[in-house]
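Have a look at the structure that comes next, please.
Values reported hereafter were calculated over all heavy atoms of this structure, with side chains retained and with hydrogens, waters and symmetry mates removed. Bear in mind the structure is a predicted one, so any value in this text is a computation, not a measurement.
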Amino acid sequence: MQSENQKPNFEFVALMASLMSIVALAIDALLPAISDIGIAIKSEDPTVNQLLITMIFLGLGVGQLFFGPLSDSYGRKPIVYLGFIVFAIASVICLFAPNIEIMVVGRIFQGIGLSAPRTITISIIRDSYKGDYMAKVMSFVVAFFILIPVVAPAIGKLILDEFGWEAIFYVQLFFGLLVAIWFWKRQKETLKPEYKIPFAARVFIDGTKEFLKYKETIAFTMISGLVTGAFLVYLSASQHIFENQYEQKEAFPYIFAGLAISIGLSTFLNGTLVLRFGMRKLSFMALCTFCIIALLYVIIFWGTPNPSIYILVTFLFGQFFCLGFMWGNFRSIAMEPIGHIAGIGAAINGFVSTLLSIPIATLIGYFVDDTVWPMFLGLALCGLGSFIVFMMSKKFKKTVIT
């Protein structure tokens with residue numbers, strides 16, 4: 001780490017959040033348009049169309065493996081620019097895709113391109129901060145970032161109604177261009193020349209070996225994957241749940257926004273509380289509550305039809321409120337011991353957690369057809385798995401394998 005605990009300014013937090021927000025815009029703004037896109041490309045099976053959401057995460061995971069090591073060798077800024085170029089090309093592929101297969105390929109490459117700003121944002125923060133202070137900065141970045149999921153579906157619905165689903169991709173491209181120019185003009189390079197690692201084929205191998213030395217890093221990478229997988233089930237199935245199962249097509253963007261606010265609120269609270277209570281204590285309490293809420297739903301509504309929309313939203317609000325105390329903290333705990341390999345470390349952390357989350361989301365999402373109950377069962381199982389790994393991690397906190 002090159003600088004320690006310097007006070008972040010508002011612009012830094014806003015810029016880092018904007019870099020991460022392009023991912024949310026690319027995902028959430030498209031949610032109201034999935035059915036229309038399916039009709040346009042002759043793919044009307046809602047479980048298949050969920051791939052337009054889940055597969056972008058595959059690209060996000062894979063891309064990090066390349067962009068992380070490259071950023072350790074050539075600096076953070078040039079690799080962010082490269083990611084924006086890949087994203088722009090992939091967006092054009094999506095715009096002119098004739099079928100679901102080509103559209104999915106475009107979404108995967110969108111994810112690959114966006115993995116650069118998403119991953120390198122974390123590396124830039126890790127270059128400058130550590131420990132609970134890093135978690136505080138990360139929390140405020142995520143809190144700003146959450147504003148996009150709050151408004152993105154409503155914006156996507158408005159664009160869809162007025163201009164068609166293609167216009168959503170054009171808006172994404174325009175926003176990406178604005179953020180790229182802002183980043184170019186205002187953000188200095190945080191990787192100093194003396195910290196650069198010459199690029200070679202063994203960079204990834206050596207980085208992986210170093211990553212695997214830290215048991216706590218491995219444990220919280222796995223936990224991040226389980227929790228992300230649980231949320232990805234909701235994200236990919238939300239349009240089907242609210243528009244088809246609950247027949248709330250017009251209200252869907254606002255329901256989605258309300259649930260996103262719950263994550264933003266708890267993330268902001270985490271940023272104000274983490275220095276007082278510590279990221280491990282806060283995230284553990286949130287994880288326990290997350291498991292309890294999911295198990296309650298599974299037990300209460302076992303074998304029954306969907307409850308009212310108000311009951312469903314109440315349970316989901318509680319679940320997502322917990323997530324705000326978990327995501328940033330889990331990632332910060334995983335990254336804390338590996339600041340000396342922040343680029344490749346963030347890449348491996350993101351890749352492994354994504355690799356875990358996609359099969360979880362795909363498997364559970366397949367069963368979310370006529371009822372929401374399988375989704376909560378998945379949330380409960382992922383939460384319990386995370387709890388077990390968390391408890392095991394206490395035995396080897398900060399242990400280095402020699």
Side-chain angles (χ1 to χ4, degrees), residues 1-17 20 121-147 149-150 214-217 219-224 226-228 231 259-294 317-339 342 345-346 349 353 383 386-399:
M1 192 181 65
Q2 299 154 41
S3 60
E4 184 173 334
N5 291 1
Q6 67 180 47
K7 185 177 180 180
N9 57 43
F10 175 82
E11 185 182 13
F12 174 80
V13 173
L15 178 55
M16 294 301 103
M20 295 182 69
T121 294
I122 297 169
S123 298
I124 290 172
I125 295 172
R126 184 62 187 88
D127 284 340
S128 306
Y129 306 99
K130 70 176 183 178
D132 288 334
Y133 205 85
M134 179 180 67
K136 179 182 177 71
V137 175
M138 189 77 75
S139 291
F140 285 128
V141 167
V142 174
F144 275 96
F145 155 77
I146 289 297
L147 293 176
V150 169
Y214 299 88
K215 290 185 176 181
E216 190 177 43
T217 294
F220 280 91
T221 297
M222 293 176 61
I223 292 173
S224 294
L226 290 169
V227 172
T228 301
F231 178 73
L259 293 173
I261 288 173
S262 70
I263 301 177
L265 177 61
S266 58
T267 302
F268 182 81
L269 288 175
N270 183 74
T272 63
L273 296 174
V274 70
L275 291 179
R276 180 178 179 183
F277 297 103
M279 54 188 169
R280 288 171 178 82
K281 181 180 290 186
L282 283 176
S283 59
F284 180 72
M285 293 173 61
L287 178 58
C288 292
T289 307
F290 181 90
C291 293
I292 291 170
I293 294 172
F317 191 95
Q319 296 265 248
F320 297 158
F321 187 81
C322 296
L323 285 177
F325 290 98
M326 294 160 62
W327 268 333
N329 288 336
F330 286 157
R331 192 112 195 225
S332 294
I333 295 170
M335 289 295 295
E336 187 176 24
I338 55 172
N349 173 272
S353 60
S386 300
F387 178 83
I388 292 171
V389 177
F390 198 117
M391 295 304 295
M392 292 175 61
S393 73
K394 291 186 176 183
K395 298 189 301 181
F396 42 73
K397 179 182 175 183
K398 297 183 180 179
T399 298

*Beyond-backbone contact of M285 with F325, side-chain heavy atoms, under 4.5 angstrom*: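 A side-chain contact is absent here, since even the closest heavy-atom pair is not under 4.5 Å.
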*Does some side-chain heavy atom of Y214 sit less than 4.5 Å from a side-chain heavy atom of I338?*
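Heavy-atom side-chain distance check passes, below 4.5 Å.
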*Kindly assign one of parallel, tilted or perpendicular to the pair F284 and F390, based on the angle between their ring planes and the thresholds 30° and 60°.*
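F284 vs F390 ring planes: tilted.
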*Is a side-chain donor-acceptor pair under 3.5 Å present for N349 with R331?*
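N349 and R331 do have a side-chain donor-acceptor pair below 3.5 Å.
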*Where do S266 and G324 come nearest, in terms of heavy atoms and distance?*
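Looking at all heavy atoms of both residues, the shortest contact is OG-CA, 3.1 Å.
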*How many angstroms lie between CZ in F220 and OG in S332, if you round to the nearest 0.5 Å?*
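Answer for the CZ-OG pair, F220 versus S332, is 11.0 Å.
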*Measure from the ring center of F231 to the ring center of F320 and say whether it is less than 6.0 Å.*
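Between F320 and F231, which both carry aromatic rings, the centre distance is below 6.0 Å.
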*So which heavy atom on L259 is nearest to which on F317, and how close?*
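Here L259 and F317 meet closest at CD2-N, 3.6 Å.
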*Can you tell me how far CD1 of I223 sits from OG of S393, rounded to the nearest 0.5 angstrom?*
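CD1 of I223 is found 5.5 Å from OG of S393.
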*Supply the atom-to-atom distance M20 CE to I122 CD1, rounded to the nearest 0.5 angstrom.*
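Here the rounded value is 5.0 Å.
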*What closest approach, in Å, do C322 and I293 show between heavy atoms, and which atom pair accounts for it?*
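Closest heavy-atom pair between C322 and I293: SG-CD1, 4.4 Å.
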*Nearest 0.5 Å please: distance from the CE atom of M326 over to the CG atom of L226.*
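CG of L226 is found 9.5 Å from CE of M326.
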*Look up atom CZ in F277 and atom OG1 in T272, then write down how far apart they are to the nearest 0.5 Å.*
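Atom-to-atom, F277:CZ and T272:OG1 are 9.5 Å apart.
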*Closest contact, heavy atoms only, T221 versus A334*: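 Minimum heavy-atom contact is OG1-CB, 4.0 Å.
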*asked:* Around atom CE of M222, are there more than 12 heavy atoms from other residues, nucleotides or ligands closer than 6.0 Å?
replied: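 No, because the 6.0 Å sphere around CE of M222 holds 12 heavy atoms or fewer from other groups.
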_Could you walk me through whether R280 and E216 satisfy the side-chain contact (heavy atoms from CB on, under 4.5 Å) test, starting with their C-alpha distance in whole Å, then the side-chain angles of each, then the deciding distance to 0.1 Å, before giving a yes or no?_
CA-CA 12 Å; R280 288 171 178 82; E216 190 177 43; 3.2 Å; yes
*Would a 4.5 Å heavy-atom cut-off, applied to side chains only, mark T217 and M335 as touching?*
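A side-chain contact under 4.5 Å is absent here.
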_Any non-hydrogen side-chain atom of F10 less than 4.5 Å from a side-chain atom of V13?_
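Answer no - side chains too far apart.
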*Mind checking the CH2-OG spacing from W327 to S224? Nearest 0.5 Å is all I need.*
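So the CH2 of W327 and the OG of S224 are separated by 10.5 Å.
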